[in-house]
Amino acid sequence: MQKIKNFIANIYIFFVKLFYKLIRKDFTDKDRHVWLQFLGFVIVGCSNFLVQYIVFTGCFYGLGFNELISNTIGFFISGFNAFFWNNKFVFKVKKSFKESFVILIKTYLAYGATGLLLSSALLYLEISILHIPAFIAPVINLAITTPINFFLNKLWAFNDKSGMKDMFDEDENNSSIE
C-alpha cells in the first residue's frame, strides 16, 4: 500500500514541479509539503463524496426520507468524515477534545460555506445564467470550491500555516527555472 501511495505522490509532484517550471518559480520543500497536503485533502474529499452519496441514497431510498433531510444527514455525516480524516492524515493535528471540537465546528462552517452556499450560487449562475449543462456545472464547481475549501481548512479550521508564507512569496530569486 505504501508503494502505491508513494507512486501516486511522485507522479503528482512531478506535474506540480512541471507547473512550477512553466511559471518560473523554484519548488521548495515547503511547497512540496503544502501540495502533498492538498493531494491528501482531495483524496479525503473523494471519500467524503462517497460517504455523502451512500448516506444520501440510503436515507432517501432505504429509509424513505425526502431529499432535503437525506442531504442534510449526508452533509453532517460526511462533514464529520472530512474532519476525522483531515485531522488524522492531512493536517495531523493533536489537540485536546475541546480544541478538536472547535476545529470540527470550523470544518462544518468551511464545508457549509463552500459546499452549500458557494456551490449553490455557482450552480445558479452556471445553469440559469450561463446555460452550462447541469451535469457539467458540479465538476466546474469542484475545481473552484476545492482549493478554497482546502485553504479555509488549512489556515482557519486546522490553523496550519506551515509552508504558506514561502509558497506565495515573490522575490527575484524565484524567477529562474531549475
Task: Ser96 side-chain N/O to Glu99 backbone N/O, donor-acceptor pair under 3.5 Å - done: yes
- [ ] Hydrophobic side-chain clustering at under 4.5 Å (ILVMFWY, transitive links): who's grouped with Leu142? Put none if nobody.
- [x] none
TODO: Verify the distance criterion only: is there a donor paired with an acceptor across the side chains of Asn6 and Asn10 at less than 3.5 Å?
DONE: no
Open item on the list: When you compare the side chain of Ile13 with that of Phe27, does any pair of heavy atoms fall below 4.5 Å?
Closed with: yes
Task: Common cluster, Tyr53/Val55, ILVMFWY with side-chain heavy-atom separation under 4.5 Å - done: no
- [ ] Decide whether Trp85 and Ile54 are clustered together by the hydrophobic rule: side chain heavy atoms of Ile, Leu, Val, Met, Phe, Trp, Tyr closer than 4.5 Å, transitively.
- [x] no
- [ ] Find out whether Leu152 and Tyr111 are in side-chain contact, i.e. whether some heavy atom of one side chain is under 4.5 Å from a heavy atom of the other.
- [x] no
TODO: Look at the side chain of Ser128 and the backbone N and O of Leu125, then say whether any donor-acceptor pair between them is shorter than 3.5 Å.
DONE: no
Task: Within-4.5 Å side-chain heavy-atom neighbours: Lys154 and Phe41 - done: no
TODO: Nearest 0.5 Å please: distance from the CG atom of Asn159 over to the CD1 atom of Ile103.
DONE: 8.0 Å
- [ ] Keeping the roles fixed (side chain from Tyr108, backbone from Phe76), state whether a donor-acceptor pair exists under 3.5 Å.
- [x] yes
- [ ] Give a yes or no on whether the backbone of Phe75 and the side-chain of Ser78 come within a donor-acceptor separation of less than 3.5 Å.
- [x] yes
Task: From CG (Asn141) to CD1 (Ile132), nearest 0.5 Å - done: 8.5 Å
Open item on the list: Quick check for you: to the nearest 0.5 Å, what is the distance between Phe56 atom CZ and Ile69 atom CD1?
Closed with: 11.5 Å
- [ ] Could you grab the distance from atom CD1 of Ile8 to atom CG of Leu39, nearest 0.5 Å is fine?
- [x] 7.5 Å
Task: Single-linkage hydrophobic cluster Leu155~Leu36, side-chain heavy atoms < 4.5 angstrom - done: yes
- [ ] For the pair Phe150 and Phe38, name the ring-plane relationship: parallel under 30°, tilted 30 to 60°, perpendicular over 60°.
- [x] perpendicular
- [ ] Supply the atom-to-atom distance Lys17 NZ to Arg32 CZ, rounded to the nearest 0.5 angstrom.
- [x] 6.0 Å
TODO: Determine, using the 4.5 Å side-chain heavy-atom cutoff (strictly less than), whether Ile77 and Leu104 are members of one ILVMFWY cluster.
DONE: no
Task: Side-chain donor/acceptor of Asn86 to backbone N/O of Ala82, under 3.5 Å - done: yes
Task: Pairwise side-chain contact, Thr114 with Ser119, heavy-atom cut-off 4.5 Å (strictly under) - done: no
Task: Heavy-atom side-chain proximity of Phe89 to Ile43 below 4.5 angstrom - done: no
Open item on the list: With a 3.5 Å distance limit and no angle check, can you tell me whether Ser70 reaches the backbone of Phe60 through a side-chain donor-acceptor pair?
Closed with: yes
Open item on the list: Let me check something: do Phe14 and Phe19 share a hydrophobic cluster, defined by ILVMFWY side-chain heavy atoms less than 4.5 Å apart, either directly or through other members?
Closed with: no
Open item on the list: Quick check against the 3.5 Å criterion: does Asn153 have a side-chain atom that pairs as donor or acceptor with the backbone of Asn149?
Closed with: yes
- [ ] Anything under 30° is parallel, anything over 60° is perpendicular, the rest tilted; go ahead and classify Phe83 against Phe80.
- [x] tilted
TODO: Check whether the side chains of Asn81 and Gln52 place a donor and an acceptor atom closer than 3.5 Å, and report yes or no.
DONE: no
Open item on the list: With a 4.5 Å cut-off on side-chain heavy atoms, are Leu122 and Ile144 touching?
Closed with: yes
Open item on the list: In the structure I gave you, are the side-chain heavy atoms of Asp26 and Tyr20 within less than 4.5 Å of one another anywhere?
Closed with: no
TODO: Would you kindly say whether Thr28 and Asp31 are connected by a side-chain donor-acceptor distance under 3.5 Å?
DONE: yes
Open item on the list: Would Lys94 and Asn87 count as a side chain to side chain contact (heavy atoms under 4.5 Å, CB included) here? Give the steps.
Closed with: CA-CA 8 Å; Lys94 305 238 188 280; Asn87 191 36; over 6 Å; no
Task: Test log, rule side chain to side chain contact (heavy atoms under 4.5 Å, CB included), inputs Phe101 and Lys98 - done: CA-CA 5 Å; Phe101 186 75; Lys98 182 180 176 183; 5.7 Å; no
Open item on the list: Checking Leu22 now: which residues fulfil side-chain contact (heavy atoms from CB on, under 4.5 Å) with it, not counting sequence neighbours?
Closed with: none
Task: Pairwise distance OG1(Thr145) to CD1(Ile140) - rounded to 0.5 angstrom - done: 11.5 Å
